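Data block below; observations after.
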Amino acid sequence: MKLKDFLLNYTQMPTIKSSLNAYSLRQRSISDNIANTETPGFTKTQVSFEDEFREALKAQNSPLSRTNDRHLPIKPNVLNIDAELESVENDPYSNGINSVNLEEEMSNLAINQINFEAMSKLAKKQFTLLKSAISGR
């Protein structure tokens, strides 16, 4: 088995890659929204990823079944979910100048940073496990 096949089929790397790409895109979207807080007529953007990711997990066929919610979730195989950037026209919490709410953006920025760091640590763990498997230590 080739290393590439192993990484794509027996690790969480595809899921981690999709998540990191989504959080990176979300970071750029939030930064753009914050930078344009006082720009009249600016339409804020947001990134949709988690809902599509959940749907892909549900749709994935698996011979295993989860019979109790307290059981560990079944590990998905390859997931190549791409995050999508959406424009938000009518936000009820907008600032009156445009559709950006600075407090909401700062909150989203903190949440996104925590999620990105968690996925980065998971990627580091995956590479550490792979390195120890290759070196035999």
Side-chain angles (χ1 to χ4, degrees):
M1 177 184 305
K2 295 180 179 179
L3 182 60
K4 179 182 173 186
D5 293 336
F6 175 77
L7 286 174
L8 291 178
N9 295 320
Y10 296 100
T11 67
Q12 297 176 345
M13 291 310 291
T15 305
I16 293 169
K17 176 186 164 230
S18 295
S19 298
L20 288 173
N21 286 340
Y23 296 137
S24 176
L25 180 61
R26 184 170 289 148
Q27 179 77 17
R28 283 180 276 164
S29 169
I30 292 170
S31 299
D32 191 42
N33 291 341
I34 291 172
N36 289 293
T37 300
E38 296 184 9
T39 304
F42 176 77
T43 303
K44 79 174 190 178
T45 57
Q46 66 182 18
V47 173
S48 65
F49 172 70
E50 286 82 2
D51 292 339
E52 190 177 337
F53 185 76
R54 271 188 222 104
E55 291 300 318
L57 286 177
K58 287 180 185 176
Q60 188 175 17
N61 293 329
S62 172
L64 301 176
S65 64
R66 196 170 160 196
T67 57
N68 190 317
D69 289 337
R70 292 180 294 172
H71 292 167
L72 292 174
I74 300 168
K75 184 178 142 184
N77 286 333
V78 179
L79 293 175
N80 291 319
I81 306 298
D82 291 327
E84 294 182 16
L85 196 62
E86 303 171 338
S87 295
V88 179
E89 297 289 334
N90 298 321
D91 187 354
Y93 303 110
S94 66
N95 61 11
I97 299 172
N98 55 37
S99 61
V100 177
N101 179 340
L102 186 58
E103 289 82 18
E104 180 184 24
E105 297 299 327
M106 296 304 288
S107 173
N108 290 340
L109 186 66
I111 292 169
N112 193 56
Q113 181 179 354
I114 291 169
N115 289 338
F116 188 88
E117 287 179 14
M119 277 297 143
S120 297
K121 287 181 182 179
L122 187 57
K124 180 181 176 185
K125 180 77 173 174
Q126 288 286 309
F127 283 119
T128 301
L129 289 173
L130 184 62
K131 181 181 176 183
S132 68
I134 291 172
S135 65
R137 295 182 193 173

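These numbers come from a predicted model, not from an experiment.
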side-chain contact (heavy atoms from CB on, under 4.5 Å) for E104 and K44? Distances and angles first, verdict last. CA-CA 12 Å; E104 180 184 24; K44 79 174 190 178; 3.0 Å; yes

Problem - Trace of the side-chain contact (heavy atoms from CB on, under 4.5 Å) decision for L102 with I34 - result: CA-CA 6 Å; L102 186 58; I34 291 172; 4.1 Å; yes

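Proximity of T15 to F53: side-chain heavy atoms (C-beta onward) are separated by under 4.5 Å at one or more points. Annotation: side chain of I97 is not in contact with side chain of F42 (no heavy-atom distance under 4.5 Å).
A donor-acceptor pair under 3.5 Å is absent between the side-chain atoms of D32 and the main chain of T45, judged by distance alone. Under the 3.5 Å distance criterion, the side-chain polar atoms of S31 are matched with a main-chain donor or acceptor of Q27. Side chain of S107 to backbone of E103: no donor-acceptor contact under 3.5 angstrom is found.
Both M106 and I30 belong to a common hydrophobic cluster when Ile, Leu, Val, Met, Phe, Trp and Tyr are linked at side-chain heavy-atom distances under 4.5 angstrom. Residue V88 is not grouped with residue V47 when hydrophobic side chains (ILVMFWY) are merged at heavy-atom distances under 4.5 angstrom, including chains of intermediate members.
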Pairs of donor and acceptor atoms involving the side chains of residues 116-130, under 3.5 Å and at least two apart or interchain, shall be tabulated with distances.
unit_1	atom_1	unit_2	atom_2	d
E117	OE2	Q113	NE2	3.2
S120	OG	F116	O	2.9
T128	OG1	K124	O	2.8

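The structure places CZ of R26 at 7.5 Å from CG of N115, a figure rounded to the nearest 0.5 Å.
Partners of E84 according to the salt bridge (charged side-chain N to carboxylate O under 4.0 Å, His left out) rule, which considers only residues two or more places apart in sequence or in another chain, do not exist here.
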